[in-house]
Amino acid sequence: MRARKQAKQVSVRSCPHTKSLKLLRVCGGKWRGLKLFVPESRLDSSSFTRPTKSIVKESCFNSLAGEIYGACFIEAFAGSGSMGIEALSRGASVAIFCECETKALETLQKNLSLLPIVVLESMAISCRENPCAYIARGDSFVILGEILRSCELPSILYLDPPFCIRQNYADIYEKCASLIGSIASPNLKHIIIEHSSEYKFADVIGDFSKSKSKRFGKSTLTYFTQGA
């Protein structure tokens, strides 16, 4: 079946209840300057969405450089999808967005509808109409294993879980480390984690070795590379 038959563009009308507090912008690539929505949320809410700062985005994609071209970029805990959209803007072939929270999913759909891309109804990673995107609805810790097994492209995984200081998330980084340790995918080349600067990950987790960490105030990006 041709990719177009199993794909559709997401309409803005499909998520009329999404309310935005502020706008993000795509920082680089062909859609540079495009405004993106962030869903309304409260700091004390279980559905709080914490957007990635522009300086963090720039640093991340500068570090990846040419490796983003043609890759599959997987954004776990995707929220409004700003990192995956940034990846597509900068040359990724496919972006997969993992998210389970309703308001975030509505805003993610709204943001993807702004782009001239195919939004797949099933995870057909071999889609020839690049760039394309797929929304994986569910708990990132539960669904990532199957996503990584299904993806045949060189892949980059971006983890941006809720900060560990939030209620009920005290062990979130230990869960991330356990997830990384369980990954056995030859196509996954890099894992990047955005996390609280107070937490330090081990130098080696499973098949992945820490290549660097860069701090941005309360947030830090830690990079892991397979086989490094």
Sorted by chain and number, sequence neighbours left out, side chain to side chain donor-acceptor pair (under 3.5 Å) with Thr222 holds for His195, Ser213
Margin query: Is there a path of hydrophobic side-chain contacts, each under 4.5 Å between heavy atoms, that joins Phe77 and Ile180?
Written below: yes
dist Glu75:CD -> Leu88:CG (nearest 0.5 Å) comes out at 10.0 Å
Next item on the list: State, with a plain yes or no, whether a side-chain heavy atom of Leu157 is found less than 4.5 Å away from one of Leu188.
Entry: yes
Margin query: Using modelled atom types and a 3.5 Å cut-off, is there a donor and acceptor pairing between side-chain atoms of Ser113 and backbone atoms of Lys110?
Written below: yes
(request) Compare all side-chain heavy atoms of Phe201 with those of Phe224 and state whether any distance is below 4.5 angstrom. (result) yes
Is there a side-chain contact (heavy atoms from CB on, under 4.5 Å) between Asn187 and Leu148 once you walk through the steps? CA-CA 8 Å; Asn187 296 317; Leu148 291 169; over 6 Å; no
To the nearest 0.5 Å, atom CD1 of Ile55 lies from atom SG of Cys60 at 13.0 Å
Task: Tyr199 vs Glu174 side-chain heavy atoms within contact, under 4.5 Å - done: yes
Rounding to 0.5 Å, atoms OH (Tyr223) and OG1 (Thr225) come to a distance of 10.5 Å
- request: Check the pair Asp139 / Ile143 against side-chain contact (heavy atoms from CB on, under 4.5 Å), numbers first and verdict last.
  value: CA-CA 6 Å; Asp139 185 334; Ile143 63 179; 5.8 Å; no
For Ser59 and Lys214, the nearest pair of non-hydrogen atoms, with its separation, is OG-CD, 3.5 Å
When you check the side-chain N and O atoms of Ser63 and Lys212, is any donor under 3.5 Å from an acceptor?
yes
Contacts of Lys189 meeting salt bridge (charged side-chain N to carboxylate O under 4.0 Å, His left out) (sequence neighbours excluded), chain-then-number -> none
Sequence neighbours excluded, the answer for ring-ring contact (aromatic ring centres under 6.0 Å, His included) partners of Phe208 is none
Would you say Ile74 and Cys72 make side-chain contact, with heavy atoms under 4.5 Å? yes
Please check this pair: side chain of Ser89 against backbone of Gly28, looking for a donor-acceptor N/O pair closer than 3.5 Å.
yes
Beyond-backbone contact of Leu115 with Leu34, side-chain heavy atoms, under 4.5 angstrom: yes
Residues 78-99 vs ring pair (Phe, Tyr, Trp, His ring centres under 6.0 Å), sequence neighbours excluded, gives none
Full working for side-chain contact (heavy atoms from CB on, under 4.5 Å) between Leu120 and Cys132: CA-CA 7 Å; Leu120 301 172; Cys132 59; 4.1 Å; yes
Kindly say whether Phe37 contributes a backbone atom to a donor-acceptor pair with the side chain of Asn111 at under 3.5 angstrom? yes
Pro186 and Ala184 have their tightest heavy-atom pair at CD-O, 4.0 Å
**Prompt:** Counting distance only, does the side-chain N/O of Gln226 pair as donor-acceptor with the main-chain N or O of Asp207 below 3.5 Å?
**Reply:** no
Separation between CG (Leu144) and SG (Cys98), nearest 0.5 Å, reads 4.5 Å
Quick one: do Glu106 and Arg137 make a salt bridge, cutoff under 4.0 Å?
no
Residue set satisfying side chain to side chain donor-acceptor pair (under 3.5 Å) with Ser178, at least two apart, ordered chain then number -> none
Taken to the nearest 0.5 Å, the spacing of Arg90 CZ from Lys57 NZ works out to 9.0 Å
Of all heavy-atom pairs linking Ile135 and Gln109, the shortest is CD1-CG, 3.8 Å
Q. Do the side chains of Met83 and Ile193 join up, straight or via other hydrophobic residues, at under 4.5 Å, putting them in one cluster?
A. no
Honestly curious: do Phe216 and Ile192 fall in one hydrophobic cluster under the side-chain, below-4.5 Å linking rule?
-> yes
Residue pairs meeting salt bridge (charged side-chain N to carboxylate O under 4.0 Å, His left out), one or both in residues 24-39, sequence neighbours left out, come to none
(message) Using side-chain heavy atoms (C-beta onward) and a distance below 4.5 Å, is Ile156 in contact with Leu64?
(response) yes
Exactly one candidate in Leu24, Val26, Ile68 meets side chain to side chain contact (heavy atoms under 4.5 Å, CB included) with Glu86; the answer is Val26
Any side-chain heavy-atom pair from Thr107 and Val38 closer than 4.5 angstrom? no
Heavy-atom closest pair (Gly84 atom, Ala95 atom, distance to 0.1 Å) is O-CB, 3.8 Å
- Pairwise side-chain contact, Lys218 with Ser196, heavy-atom cut-off 4.5 Å (strictly under): no
So SG of Cys176 and CG of Leu159: to nearest 0.5 Å the spacing works out to 5.0 Å
Residue set satisfying side chain to side chain contact (heavy atoms under 4.5 Å, CB included) with Glu67, at least two apart, ordered chain then number -> His190
- Query: Is Tyr158 reachable from Phe141 through a run of hydrophobic residues whose side-chain heavy atoms are each under 4.5 Å from the next?
  - Reply: no
Sorted by chain and residue number, the ring-ring contact (aromatic ring centres under 6.0 Å, His included) partners of Phe73 (sequence neighbours excluded) come out as Phe61
By salt bridge (charged side-chain N to carboxylate O under 4.0 Å, His left out), Glu146 pairs with (sequence neighbours left out) Arg149
Residues at least two apart in sequence or cross-chain that pass side chain to side chain contact (heavy atoms under 4.5 Å, CB included) with Ser182, listed by chain then number, are Leu179
By side chain to side chain contact (heavy atoms under 4.5 Å, CB included), Tyr69 pairs with (sequence neighbours left out) none
Backbone N/O of Ser219 and side chain of Ser197: donor-acceptor pair under 3.5 Å: yes
Between Ile172 and Pro162 the two heavy atoms that sit nearest each other are CG2-O, 3.5 Å
